[in-house]
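Beneath this line is the structure, given in structure tokens, with notes to follow.
Just so it is clear, the values below take in all heavy atoms, side chains as well, and ignore hydrogens, waters and symmetry mates.
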Amino acid sequence: MAKRIAKNKPEKVKQIVFSALLEALSEIIGPDGRSSLIKFAGLATKYSKQLRPSLVNSLPRSDLIKLTNAMSRLLGFGSKALLRETGRKFAIYLHPYGYSLETLAEKMRKWIDGDWDIMIKKEKDSYKITIKNDPFQAGTAGSFIWAGFFEIAATNSSPDGAKFIAGDITGNGKDNITTFELKKQ
């Protein structure tokens, strides 16, 4: 269940999440591309240098939203594959050990403050993923980050080594809900 944050307290994201996302971007679009995204998001003064992973330090969730919006604007139009691949790398940097999807979802809920939630429904050879109040802004190309993220997470946590691929990704921007199905290949 999503945790509620007091309205007067700014929502935070654990630094490990932001660090993993920036590393994934650097690997996919290179250091110059990453710097361009950070600059376009208006975050150059805060994140121009290497950001170390930390489970103790937190950053404003509003910075994650600014970065996501910049990614959607600069990479999203015709480049959803780049965002999906960024999500795959994000999963590797953030969770290299193949946690179960439930454990992974619980960690993400703890690491990103706010009134949001990840629901995972297991079926025979697939998972249905629903993200309510998507921190990557449902309805934008940022939803493709989650698809790539969960493709790797499901594959890495599969006891039989099966590969999973996300099907159609729907993002309802009005309700800020992202949904997709991971199918076993």
Side-chain angles (χ1 to χ4, degrees), residues 1-3 13-30 34 51-55 61 64 67-68 71-72 75-76 79-172 175-185:
M1 189 64 171
K3 57 185 170 182
V13 175
K14 291 293 182 192
Q15 193 165 309
I16 190 171
V17 173
F18 221 93
S19 173
L21 185 58
L22 291 175
E23 283 301 311
L25 282 168
S26 191
E27 190 166 325
I28 298 303
I29 60 175
R34 176 186 148 203
L51 186 65
R52 298 182 62 160
S54 172
L55 288 172
R61 183 170 167 195
L64 179 65
L67 183 64
T68 300
M71 289 166 49
S72 292
L75 301 176
S79 302
K80 293 175 182 160
L82 280 174
L83 291 170
R84 183 181 234 145
E85 192 60 32
T86 299
R88 289 179 180 134
K89 295 296 180 185
F90 178 47
I92 291 168
Y93 285 119
L94 195 57
H95 297 289
Y97 303 114
Y99 297 119
S100 73
L101 291 184
E102 293 75 18
T103 300
L104 177 64
E106 186 59 36
K107 286 178 179 288
M108 293 302 287
R109 284 184 208 106
K110 284 182 3 183
W111 293 346
I112 301 175
D113 284 348
D115 183 18
W116 76 287
D117 202 6
I118 300 172
M119 279 107 7
I120 301 169
K121 183 179 177 187
K122 171 80 169 118
E123 304 201 352
K124 184 178 181 206
D125 287 332
S126 66
Y127 294 95
K128 182 174 181 181
I129 309 290
T130 303
I131 303 161
K132 291 187 178 178
N133 293 324
D134 183 352
F136 290 128
Q137 304 296 298
T140 70
S143 301
F144 284 80
I145 295 170
W146 284 120
F149 181 82
F150 277 105
E151 285 175 349
I152 293 299
T155 298
N156 286 350
S157 67
S158 173
D160 62 358
K163 183 177 180 178
F164 287 84
I165 299 294
D168 290 336
I169 301 156
T170 57
N172 180 337
D175 296 325
N176 201 16
I177 296 173
T178 297
T179 59
F180 55 91
E181 184 175 16
L182 295 171
K183 296 178 185 174
K184 188 175 187 178
Q185 297 297 296

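To the nearest 0.5 angstrom, Leu22 atom CG is 10.0 Å from Gln15 atom CD. Ser126 contributes atom OG, which lies 9.0 Å from atom NZ of Lys121 (distance to the nearest 0.5 angstrom). Taking CG from Leu182 and CD1 from Ile129, the interatomic distance works out to 5.0 Å, rounded to the nearest 0.5 Å. Within the model, atoms CD1 of Ile92 and CD1 of Ile152 stand 5.0 Å from one another, a figure rounded to the nearest 0.5 Å. Rounded to the nearest 0.5 Å, atoms CD1 (Ile120) and OG (Ser100) are 8.0 Å apart. Atom CG of Asn133 and atom CD1 of Ile177 lie 7.5 Å apart (nearest 0.5 Å).
Residues Leu104 and Tyr99 approach most closely at N-CB, 4.4 Å, considering heavy atoms. For Asp113 against Lys110, the heavy-atom pair with the smallest separation is OD1-O, 4.4 Å. In terms of heavy atoms, Ile118 sits closest to Met108 at CD1-CB, 4.0 Å. What you find for Arg84 and Ala147 is that their closest heavy atoms are NH2-CB, 4.0 Å. Thr155 and Lys163 get closest at one heavy-atom pair: OG1-CA, 3.6 Å. Heavy atoms only, all atoms of each residue included: Phe180 and Gly167 are closest at CB-O, 4.5 Å.
When atom types are taken as modelled, the side chain of Thr86 and the backbone of Leu25 share no donor-acceptor pair closer than 3.5 angstrom. Panel note: side chain Ser72, backbone Thr68; a donor-acceptor pair is recorded below 3.5 Å.
Here Glu151 pairs with Arg88 in a salt bridge; the nearest charged N to carboxylate O distance falls below 4.0 Å. Look at Asp125 and Lys183 and you find no salt bridge, because none of the NZ, NE, NH1 or NH2 atoms lies under 4.0 Å from a carboxylate O.
Considering only heavy atoms from C-beta on, Leu55 comes within 4.5 Å of Trp111 through its side chain. Counting heavy atoms from C-beta on, the side chains of Asp160 and Lys184 come closer than 4.5 Å.
In this structure, Lys122 places its NZ atom where more than 12 heavy-atom neighbours from other residues, nucleotides or ligands lie under 6.0 Å away. More than 12 heavy atoms of other shown residues, nucleotides or ligands fall within 6.0 angstrom of atom NZ in Lys107.
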Query raised in the report: What's the verdict on side-chain contact (heavy atoms from CB on, under 4.5 Å) for Leu21 and Leu64, showing C-alpha distance, side-chain angles and the deciding distance?
Result: CA-CA 9 Å; Leu21 185 58; Leu64 179 65; 3.8 Å; yes

Query raised in the report: Which is it for Asn176 and Trp116 under the side-chain contact (heavy atoms from CB on, under 4.5 Å) test, yes or no, and what are the steps along the way?
Result: CA-CA 10 Å; Asn176 201 16; Trp116 76 287; over 6 Å; no

**Report entry** Stepwise side-chain contact (heavy atoms from CB on, under 4.5 Å) check, Trp146 with Ile169
**Finding:** CA-CA 9 Å; Trp146 284 120; Ile169 301 156; over 6 Å; no

Report task. Evaluate the criterion ring pair (Phe, Tyr, Trp, His ring centres under 6.0 Å) for residue pair Phe164 and Tyr127; output intermediate values, then yes/no. Result -> CA-CA 9 Å; Phe164 287 84; Tyr127 294 95; 5.5 Å; yes

Report task. Kindly determine whether Val17 and Phe90 satisfy side-chain contact (heavy atoms from CB on, under 4.5 Å), including the steps that lead there. Result -> CA-CA 8 Å; Val17 173; Phe90 178 47; 3.8 Å; yes

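Residues passing the salt bridge (Lys or Arg N to Asp or Glu O under 4.0 Å) test with Arg34, sequence neighbours excluded: none.
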